[in-house]
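Numbering of residues begins at 1 and proceeds along the displayed sequence.
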Amino acid sequence: MDFKILGPIEVRAAHGKPIALGRRKQRVLLAALLLNVGRAIPSQRMLDWLWGERPPATAESNLYTYISALRRVLGAPRGSRRGRTGTCCGPRPVRST
């Protein structure tokens, strides 16, 4: 899988076919997670990335919806897990351009 995070965020499957990433906030979340591969990311930090200082009342449930949707379209990575301290993706080799 190839990830492009400079310019428009794009993902291509191994055979080069583009993968539809869905909503803008899902794409923003994916780019931020790609910049933090292998690190546990607290939910609050992800909420800050997506909404800043004024998240809506539904922000937390929306966040988990976005994470679930990304797992579905990308295929749930074996190393992805959610714990008490946050969500962690990796370790997997990531090729980004």
Side chain to side chain donor-acceptor pair (under 3.5 Å) filter on Glu10, not counting sequence neighbours, yields none
Tell me, please, which residues at least two apart from Thr58 pass side chain to side chain donor-acceptor pair (under 3.5 Å).
-> Asn62
Nearest heavy-atom neighbours spanning [X] and [Y]:
X     : Y     : answer
Val28 : Ile9  : N-CD1, 4.1 Å
Ser43 : Leu63 : O-CD2, 3.9 Å
Ala69 : Gln26 : CB-OE1, 3.4 Å

Between [X] and [Y], is any pair of side-chain heavy atoms under 4.5 Å apart?
X     : Y     : value
Trp49 : Ile41 : yes
Val11 : Val73 : no
Leu30 : Leu74 : yes

For the atom pair [atom1] ([X]) and [atom2] ([Y]), what is the distance rounded to the nearest 0.5 Å?
X     : Y     : atom1 : atom2 : result
Leu29 : Ile67 : CG    : CD1   : 5.5 Å
Thr65 : Arg23 : OG1   : CZ    : 7.5 Å
Arg24 : Leu50 : CZ    : CG    : 9.0 Å
Met46 : Leu33 : CE    : CG    : 6.5 Å

Ala59: partners by side-chain contact (heavy atoms from CB on, under 4.5 Å), with sequence neighbours left out | Leu47, Trp51, Pro55, Pro56
Could you tell me whether the side chain of Ser68 and the main chain of Tyr64 form a donor-acceptor pair under 3.5 Å?
-> no
Show me, pair by pair, the donor-acceptor contacts under 3.5 angstrom made by side chains of residues 12-21, not counting sequence neighbours?
from: Arg12; atom 1: NH1; to: Gly16; atom 2: O; distance (Å): 2.9
from: His15; atom 1: ND1; to: Lys17; atom 2: N; distance (Å): 3.4

